[in-house]
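Written below as structure tokens is the structure these notes are about.
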Amino acid sequence: MPPQKKATFLIKNIGQLITMDGPVPRVGNQMKELGLIEDGGIAAAGEEILAVGKSDEIEGKVDLAEGCRFVDAHGGVVTPGLIDPHTHPVFAKTREAEFEMRIEGKSYMEIAAAGGGIRSSVRDLRETPAAELTVRTANRLNTLLSYGVTTIEAKSGYGLSTESEIKTLQIIKNLNETHPIDLIPTFLGAHEVPDEYREDRETYIEILINEMIPRVASEKLAEFCDIFCEEGVFDIEESRRIMTTAKNHGLKLKFHADELASTGGAELASELGAVSADHLVYISDTGIEAMAESGTVAVLLPGTSFSLAGNYAPARKLIDRGATVALSTDCNPGSSFTESLPLMITLAALQYRMTAAESLSAVTVNAACALDRGGKIGQLKPGLPADIALWNMSDYRELPYHYGINLVRIVIKRGKIVCG
Ligand code: NIG
Ligand code: FE
């Protein structure tokens with residue numbers, strides 16, 4: 001018999017222990033299931049969860065290691081560490097001037113067409129040394145962590161040359177090794193056509209297909225490949241070529257789809273077996289059916305709709321038709337500059353009509369599915385990583401309701417307190 005694992009960390013007096021035990025993914029009514037234990041306790045052994053149960057029984061269930069750390073939750077709520085499945089955290093400069101231009105009436109696409117938007121972030125990133133970019137990105141990760149986030153997907157996409165994209169993916173790799181947050185890397189070289197290929201976009205597509213994707217895949221710098229499939233960026237046929245190449249090189253697929261117009265991006269993502277299609281503000285009914293059928297996760301980004309003062313994705317329709325729905329910040333310097341996943345839960349409540357329980361499913365179990373890690377993270381079960389958030393609230397429904405402030409008390413990553 002292998003030696004019994006001993007508890008190195010124990011939390012007691014948890015008013016509501018939200019384990020998220022239950023179906024993976026959560027679809028339809030399953031999104032309301034929280035695996036909730038009232039008056040709960042949880043024990044970890046090293047990096048893993050050892051046991052969950054009632055507060056007064058948890059100590060009896062495990063052997064205590066010498067020096068086991070005790071935390072009294074004083075009736076607070078405990079959830080799995082949150083998962084943010086769509087972020088663009090590596091950028092050099094913020095773009096508040098564009099935000100103000102939008103307030104004054106310019107659209108996101110007008111600003112982009114005039115050379116602003118993603119292309120301005122590309123110019124900034126290219127001239128910023130990796131060390132400087134690393135510090136700025138780490139600061140954003142610290143903020144994400146303080147809001148209860150323990151795993152994120154992190155995209156490149158502000159380099160748009162082989163060298164700068166690889167520089168970005170290296171930064172993500174280094175931060176994954178040094179920062180408590182787990183970063184899952186996505187190659188987004190097809191984020192936009194950079195300035196130098198505006199008159200010759202075909203050459204840029206060929207560089208993506210023949211140079212960047214093969215290199216990123218063979219050097220294992222990314223797990224996913226993403227594309228901004230949108231009118232005026234990469235159309236459906238270009239997206240099909242680029243993403244088929246990525247798939248053939250063993251990269252899993254994600255799409256920015258149907259964000260600003262209905263282009264059939266969700267249908268293409270489903271057809272190619274993408275792990276997720278994200279945004280989906282203008283998804284068609286056939287797109288919704290296709291996603292429900294394929295299991296491609298719908299990652300919804302209410303902060304982008306909010307920050308662009310635009311329309312919101314048809315979340316209720318997606319849930320009612322049986323699609324897997326996740327939520328994310330889309331943290332980026334253009335369309336959604338926030339590190340607050342809890343604020344997305346408030347927006348999801350008010351704009352998508354998603355209850356607190358549905359949103360919790362969307363930022364844990366279903367967000368894990370959007371990263372192809374369903375059942376491996378996002379739940380508090382023995383054997384899974386001890387990624388845990390303890391909240392300053394006694395009822396989880398306070399999460400969307402008490403908005404605009406940080407309700408996190410303690411964040412635990414792999415069994416260690418990393419924040420609070
Ligand atoms: O998800 N839509 C494309 N990409 C980002 C915005 C990037 C930017 O404006 O810098 C998004 O909204
Ligand atoms: Fe995005």
Side-chain angles (χ1 to χ4, degrees), residues 84-102 106-126 133 136-137 140 152-160 164-165 168 184-195 224-235 239 253-261 263 265-266 269 274 276-283 297-313 326-339 341 344 347 367 370-371:
D84 192 337
H86 179 139
T87 80
H88 308 246
V90 189
F91 57 87
K93 292 186 187 156
T94 50
R95 307 207 312 255
E96 51 283 327
E98 289 182 8
F99 182 81
E100 196 148 277
M101 284 162 81
R102 292 204 302 274
K106 286 251 181 306
S107 76
Y108 179 78
M109 277 319 219
E110 279 167 351
I111 294 166
I118 295 168
R119 286 191 281 145
S120 78
S121 286
V122 169
R123 293 189 286 271
D124 293 337
L125 181 136
R126 286 179 180 178
L133 278 167
R136 292 184 193 179
T137 308
R140 292 169 200 133
I152 66 168
E153 180 255 17
K155 302 175 195 293
S156 67
Y158 293 121
L160 308 192
S164 309
E165 284 295 302
T168 308
I184 297 163
T186 293
F187 170 63
L188 180 53
H191 200 186
E192 180 51 291
V193 177
D195 290 348
F224 292 92
C225 182
D226 194 351
I227 189 162
F228 193 5
C229 172
E230 192 68 46
E231 256 170 28
V233 193
F234 293 97
D235 68 22
S239 299
L253 307 185
K254 288 182 162 287
F255 279 72
H256 280 69
D258 302 316
E259 176 183 354
L260 303 163
T263 63
S276 77
D278 306 24
H279 286 288
L280 307 175
V281 175
Y282 294 98
I283 188 172
V297 178
V299 177
L300 304 185
L301 308 159
T304 312
S305 297
F306 179 66
S307 181
L308 295 179
N311 293 323
Y312 286 78
L327 288 171
S328 162
T329 58
D330 194 15
C331 178
N332 77 76
S335 61
S336 181
F337 188 31
T338 182
E339 296 92 342
L341 200 48
M344 302 305 105
L347 294 176
L371 299 178

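All values below were derived from every heavy atom in this structure, side-chain atoms included, with hydrogens, water molecules and symmetry-related copies excluded. Counting starts at 1 for both ligands and their atoms, following the listed order.
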Exercise. Got a donor-acceptor contact below 3.5 angstrom from the K254 side chain to the A370 backbone?
Worked result: yes
Seminar exercise, completed: For atom 6 (C) of ligand 1, the closest protein heavy atom turns out to be Y108 OH, 3.2 Å
Exercise. What's the shortest distance from atom 4 (N) of ligand 1 to any protein heavy atom, and which residue and atom give it?
Worked result: H191 NE2, 2.8 Å
Exercise. Hey, are D278 and H256 close enough side-chain-wise for a donor-acceptor pair under 3.5 Å?
Worked result: no
Problem set entry | Y158 and D124 side chains, donor-acceptor separation under 3.5 Å | no
For this session: From the options Y158, F91, F228, select the one whose nearest heavy atom is closest to atom 10 (O) of ligand 1.
Result: Y158
Exercise. Going by the order shown, which atoms of ligand 1 are within less than 4.0 Å of some heavy atom of H86?
Worked result: 1 (O)
Exercise. Got a sec: is H88 within less than 2.8 Å of the Fe ion (ligand 2) via an N/O/S atom?
Worked result: yes
Seminar exercise, completed: Here the atoms of ligand 1 under 4.0 Å from any heavy atom belonging to R95 are 8 (C), 9 (O), 10 (O)
Exercise. Does any N/O atom on E259 come nearer than 3.5 Å to any N/O atom on ligand 1?
Worked result: yes
For this session: State, without any angle test, whether T186 and D226 hold a side-chain donor-acceptor pair at a distance under 3.5 Å.
Result: no
For this session: Indicate yes or no: does an N/O atom of S335 lie under 3.5 Å from an N/O atom of ligand 1?
Result: yes
For this session: Classify the contact between H279 and ligand 1 as side chain, backbone, both or neither, using a heavy-atom distance cut-off of under 4.0 Å.
Result: side chain
For this session: Using the side chain to side chain contact (heavy atoms under 4.5 Å, CB included) rule, take R140 and F91 through it: C-alpha gap first, then chi angles, then the decisive distance, then the call.
Result: CA-CA 10 Å; R140 292 169 200 133; F91 57 87; 3.2 Å; yes
Exercise. Where do T263 and D258 land on the side chain to side chain contact (heavy atoms under 4.5 Å, CB included) test, with the steps shown first?
Worked result: CA-CA 6 Å; T263 63; D258 302 316; 3.4 Å; yes
For this session: List the closest protein heavy-atom neighbour of atom 11 (C) of ligand 1: residue, atom name, distance to the nearest 0.1 Å.
Result: D330 OD2, 3.2 Å
Exercise. Counting distance only, does the side-chain N/O of E230 pair as donor-acceptor with the main-chain N or O of A261 below 3.5 Å?
Worked result: yes
Problem set entry | Identity of the N, O or S atom of D330 lying closest to the Fe ion (ligand 2) | OD1
For this session: State whether the side chain of S120 and the backbone N or O of G117 hold a donor-acceptor pair below 3.5 Å, judged by distance alone.
Result: yes
